[in-house]
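Accompanying notes for the structure given below.
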Amino acid sequence: MLYYSRVVHLKVRRKQCRTVITDITAYKHEEEKIHFVQTLLMATSKAEDMQSLLDIILRRVCEVAGWKYGEIWIPSSDGKQLEYGRWYNNLEHLEEFAMRSKGFMFSQGIGIPGRVWEAKQPAWIKDVTLDQNFLRAKIVKDSGPKTAFAFPLFAGEEVVAIVVLYMLEMIEKDEHLANLVSSISTPLGWIVKRKQMEEIIQHMAYNDTLTSLPNRRQFNDCLALELAHARRNKTMLAVMFLDLDGFKVINDSLGHSAGDQALQGIAGRLRNCMREADTVFRAGGDEFAIVLPTIGQAEDAAIIAKKIIEVLRQPLTIESNELIVTVSIGIVLFPDDGEDAETLMKHADSAMYRAKESGENNYQFFVSRNSIA
């Protein structure tokens, strides 16, 4: 621990001087604490999202404390476990420890993060390899971390994150460091909480609350973006509108709860059968939309439509009932069927209704009236 002193020379009788040494360590530490909090809060105010916020917190805390590795654990959405949020590492040989740590989750009282979460108190572990609560001891090699210091971030009484710092050598508890980080526990906790709420609001604005799929608002934005990309690169894209056949029967016969479960199951199947570049949206009710940005020819869209029909054909078990869901799919191609989003959406809707009129489990490409004539 560092101590600071100030030397004061006092004039006394007969022109003699007496030297008085005043310990100003506490004053310097308080000054250092204020500077640390101010610079950290200023840095975190520039974070655009949760990931960049956690990066800033870890990097700045590690740099100030002089520690080599740090990680942040965040309570899961259901509040039952801690999930690996972010890590900072300035030593290559700790990369394996960092990567393998991502597979861990901690309940309250379990592991070092879980212990701090439950107790709502910091913990200093001089040698993690001897600590029974350190569940990752098996992946700590001779060159791995030894001393750990973990502390919670608070938003009121709620623990919103656990920060864990590691050193390569064993060191005794540093009271000055403990006091320093205690000064940021609440300010940073509220910043993390605010960022979490911002992301929840953002998610609700652009995602369907039932299925977690992007909603119609995000579909409009995505389609506009992909159309601009397709125009610039002179490529083809496809848009699909999907309507579940007779879905009202499920709601009427089994109730809306069963209908909601069916929609969630269908959304999951659609998401899992898409290519990486494709995006599924819930357009509303029992309707979905899909943007296929990398289509070489119309047949590529037809293959995906057939795959969707086959995937949804498999029985869906809801409340001990096996349901067979059928779907009608309308397909439009850019630029053949329209050069703007409004025209493409109108034509995709028209193609979907043609598919529905043609029978269950059907897909149809848009055909203009001139083509029919």
> Taking the hydrophobic residues Ile, Leu, Val, Met, Phe, Trp and Tyr, and joining any pair whose side-chain heavy atoms are under 4.5 Å apart, which ones share a cluster with Leu225?
Replying inline: none
> Is the closest side-chain donor-acceptor distance between Asp340 and Thr343 under 3.5 Å?
Replying inline: yes
>> Do Ile331 and Phe334 land in one hydrophobic cluster if side-chain heavy atoms of ILVMFWY residues count as linked below 4.5 Å?
In response: no
> Taking all atoms of both residues into account, what is the closest heavy-atom pair of Gly189 and Val160, and its distance?
Replying inline: O-CG2, 3.5 Å
> Can you name the side chain to side chain contact (heavy atoms under 4.5 Å, CB included) partners of Asn233, sequence neighbours left out?
Replying inline: His229, Thr235
>> Applying side chain to side chain contact (heavy atoms under 4.5 Å, CB included), can you list everything that pairs with Met105, at least two apart in sequence or on another chain?
In response: Gln81, Glu83
> When the ring planes of Tyr363 and Phe365 are compared, do they come out parallel, tilted or perpendicular, using 30° and 60° as the limits?
Replying inline: perpendicular
> Tell me, do Ser328 and Leu242 make a side-chain contact under 4.5 Å, heavy atoms counted?
Replying inline: no
> Are Leu58 and Arg86 side-chain neighbours, meaning at least one heavy-atom pair lies under 4.5 Å?
Replying inline: yes
>> I'd like to know whether His203 forms a side chain to side chain contact (heavy atoms under 4.5 Å, CB included) with Glu199, so could you lay out the CA-CA distance, the side-chain angles of the two residues, the decisive distance to 0.1 Å, and finally the verdict.
In response: CA-CA 6 Å; His203 180 83; Glu199 294 199 349; over 6 Å; no
>> Show every salt bridge (Lys or Arg N to Asp or Glu O under 4.0 Å) that has at least one partner inside residues 114-124, sequence neighbours left out.
In response: Arg115-Asp131
> With side chains defined as the heavy atoms from C-beta onward, is the minimum distance between Arg354 and Asn362 less than 4.5 Å?
Replying inline: no
> Same cluster or not: are Ile72 and Met167 linked, directly or through other Ile, Leu, Val, Met, Phe, Trp or Tyr residues, by side-chain heavy atoms under 4.5 angstrom apart?
Replying inline: yes
>> Checking one residue: Met197. Which other hydrophobic residues are in its cluster under the side-chain 4.5 Å linking rule?
In response: Ile200, Met204
> When rounded to the nearest 0.5 angstrom, what distance separates OG1 in Thr209 from CG in Asn215?
Replying inline: 9.0 Å
> Under a 4.0 Å N-O cut-off, is there an ion pair linking Asp49 with Lys195?
Replying inline: no
>> How close do Pro113 and Val164 get, counting heavy atoms only, and between which atoms?
In response: CG-CG2, 4.2 Å
> So, for Leu292 and Ile295, which heavy atoms are closest and what is the spacing to 0.1 Å?
Replying inline: O-CG1, 3.6 Å
>> Go through it in stages, so that I can follow the logic: the residues are Tyr166 and Glu71, the test is side chain to side chain donor-acceptor pair (under 3.5 Å), and I'd like the CA-CA distance, side-chain angles, deciding distance and then a yes or no.
In response: CA-CA 9 Å; Tyr166 292 95; Glu71 57 192 24; 3.1 Å; yes
>> Among residues at least two apart in sequence or on other chains, which ones pass salt bridge (Lys or Arg N to Asp or Glu O under 4.0 Å) with Arg275?
In response: Asp278
Can you give me every donor-acceptor pair (side chain of residues 247-257, partner residue at least two apart or in another chain, under 3.5 Å) with its distance?
{"from": "Lys248", "atom 1": "NZ", "to": "Asp252", "atom 2": "OD2", "distance (Å)": "2.7"}
{"from": "Ser253", "atom 1": "OG", "to": "Val249", "atom 2": "O", "distance (Å)": "2.6"}

>> Tell me whether Phe104 shares a hydrophobic cluster with Trp117, the cluster being built from Ile, Leu, Val, Met, Phe, Trp, Tyr side chains joined at under 4.5 Å.
In response: yes
>> I'd like to check the side chain to side chain contact (heavy atoms under 4.5 Å, CB included) partners of Thr186; sequence neighbours left out, ordered by chain and number.
In response: Phe154, Trp190
> Given Tyr69 and Trp87, is the side chain to side chain contact (heavy atoms under 4.5 Å, CB included) satisfied, shown in steps?
Replying inline: CA-CA 8 Å; Tyr69 175 83; Trp87 59 274; 3.8 Å; yes
> Is there a donor-acceptor pair closer than 3.5 Å between any side-chain N or O of Thr326 and the backbone N or O of Asn361?
Replying inline: no
Using atom types as modelled, flag every donor-acceptor pair under 3.5 Å from a side chain in residues 281-291 to any protein atom, sequence neighbours excluded.
{"from": "Arg282", "atom 1": "NE", "to": "Gly285", "atom 2": "O", "distance (Å)": "3.1"}
{"from": "Arg282", "atom 1": "NH1", "to": "Asp208", "atom 2": "OD1", "distance (Å)": "3.2"}
{"from": "Arg282", "atom 1": "NH1", "to": "Asp208", "atom 2": "OD2", "distance (Å)": "3.2"}
{"from": "Arg282", "atom 1": "NH2", "to": "Gly285", "atom 2": "O", "distance (Å)": "2.8"}

>> Under the criterion side chain to side chain contact (heavy atoms under 4.5 Å, CB included), I'd like the reasoning laid out for Asp243 against Lys356: C-alpha separation, chi angles, the key distance, then a yes or no.
In response: CA-CA 8 Å; Asp243 183 80; Lys356 193 171 286 291; 2.5 Å; yes
> For the residue pair Trp73 and Tyr84, does the interplanar ring angle fall in the parallel (under 30°), tilted (30 to 60°) or perpendicular (over 60°) class?
Replying inline: perpendicular
> Can you tell me if Arg217 and Tyr206 form a side-chain donor-acceptor pair at under 3.5 Å?
Replying inline: yes
>> Once salt bridge (Lys or Arg N to Asp or Glu O under 4.0 Å) is applied, what residue pairs with a partner in residues 148-167 remain, sequence neighbours excluded?
In response: Glu158-Lys193
> Any donor and acceptor pair, going by atom type alone, linking the side chain of Thr147 with main-chain N or O of Ile171 inside 3.5 Å?
Replying inline: yes
> In chain order, what residues pass the side chain to side chain contact (heavy atoms under 4.5 Å, CB included) check against Asp337, with sequence neighbours excluded?
Replying inline: Val332, Leu333, Leu344, His347, Phe366
>> For a 4.5 angstrom cut-off between non-hydrogen side-chain atoms, does Leu82 reach Ile74?
In response: no
> How close do Ile112 and Ala148 get, heavy atom to heavy atom, and via which atoms?
Replying inline: CD1-CB, 4.3 Å
Ignoring hydrogens and angles, write down the donor-acceptor pairs under 3.5 Å from the side chains of residues 301-316, residues two or more places apart or on other chains.
{"from": "Lys307", "atom 1": "NZ", "to": "Cys273", "atom 2": "O", "distance (Å)": "3.1"}
{"from": "Glu310", "atom 1": "OE1", "to": "Arg313", "atom 2": "NE", "distance (Å)": "3.4"}
{"from": "Glu310", "atom 1": "OE2", "to": "Gln314", "atom 2": "NE2", "distance (Å)": "3.3"}
{"from": "Gln314", "atom 1": "NE2", "to": "Glu310", "atom 2": "O", "distance (Å)": "3.4"}

>> Under a 3.5 Å distance rule, please check whether Arg231 uses its side chain to pair with a backbone N or O of Glu339 as donor and acceptor.
In response: yes
> Are Leu213 and Val239 connected in the hydrophobic side-chain network, where two residues link if heavy atoms are under 4.5 Å apart?
Replying inline: no
>> Assess whether a salt bridge exists between Asp127 and Lys146, defined as any Lys/Arg side-chain N lying under 4.0 Å from an Asp/Glu carboxylate O.
In response: no
> Where the side chain of Gln364 meets the backbone of Ile329, is there a donor-acceptor pair that is under 3.5 Å apart?
Replying inline: no
> Is there a path from Leu53 to Leu165 through hydrophobic residues (I, L, V, M, F, W, Y) whose side chains come within less than 4.5 Å of each other?
Replying inline: yes
> Is the number of heavy atoms from other residues, nucleotides or ligands under 6.0 Å of Lys346 NZ greater than 12?
Replying inline: no
> Phe151 and Leu153: side chain to side chain contact (heavy atoms under 4.5 Å, CB included), yes or no, with the steps?
Replying inline: CA-CA 7 Å; Phe151 58 94; Leu153 300 183; 3.9 Å; yes
>> Please give me the minimum heavy-atom distance between Ala47 and Ile56, naming the atom from each residue.
In response: CB-CD1, 4.0 Å
> Can you name the closest pair of heavy atoms from Trp124 and Glu172 and give their distance?
Replying inline: CZ2-O, 3.1 Å
> So do the side chains of Pro122 and Phe149 get within less than 4.5 Å of each other, counting heavy atoms only?
Replying inline: yes
> Does a sphere of radius 6.0 Å around CD in Gln297 hold more than 12 heavy atoms from other residues, nucleotides or ligands, not counting ones at 6.0 Å or beyond?
Replying inline: yes
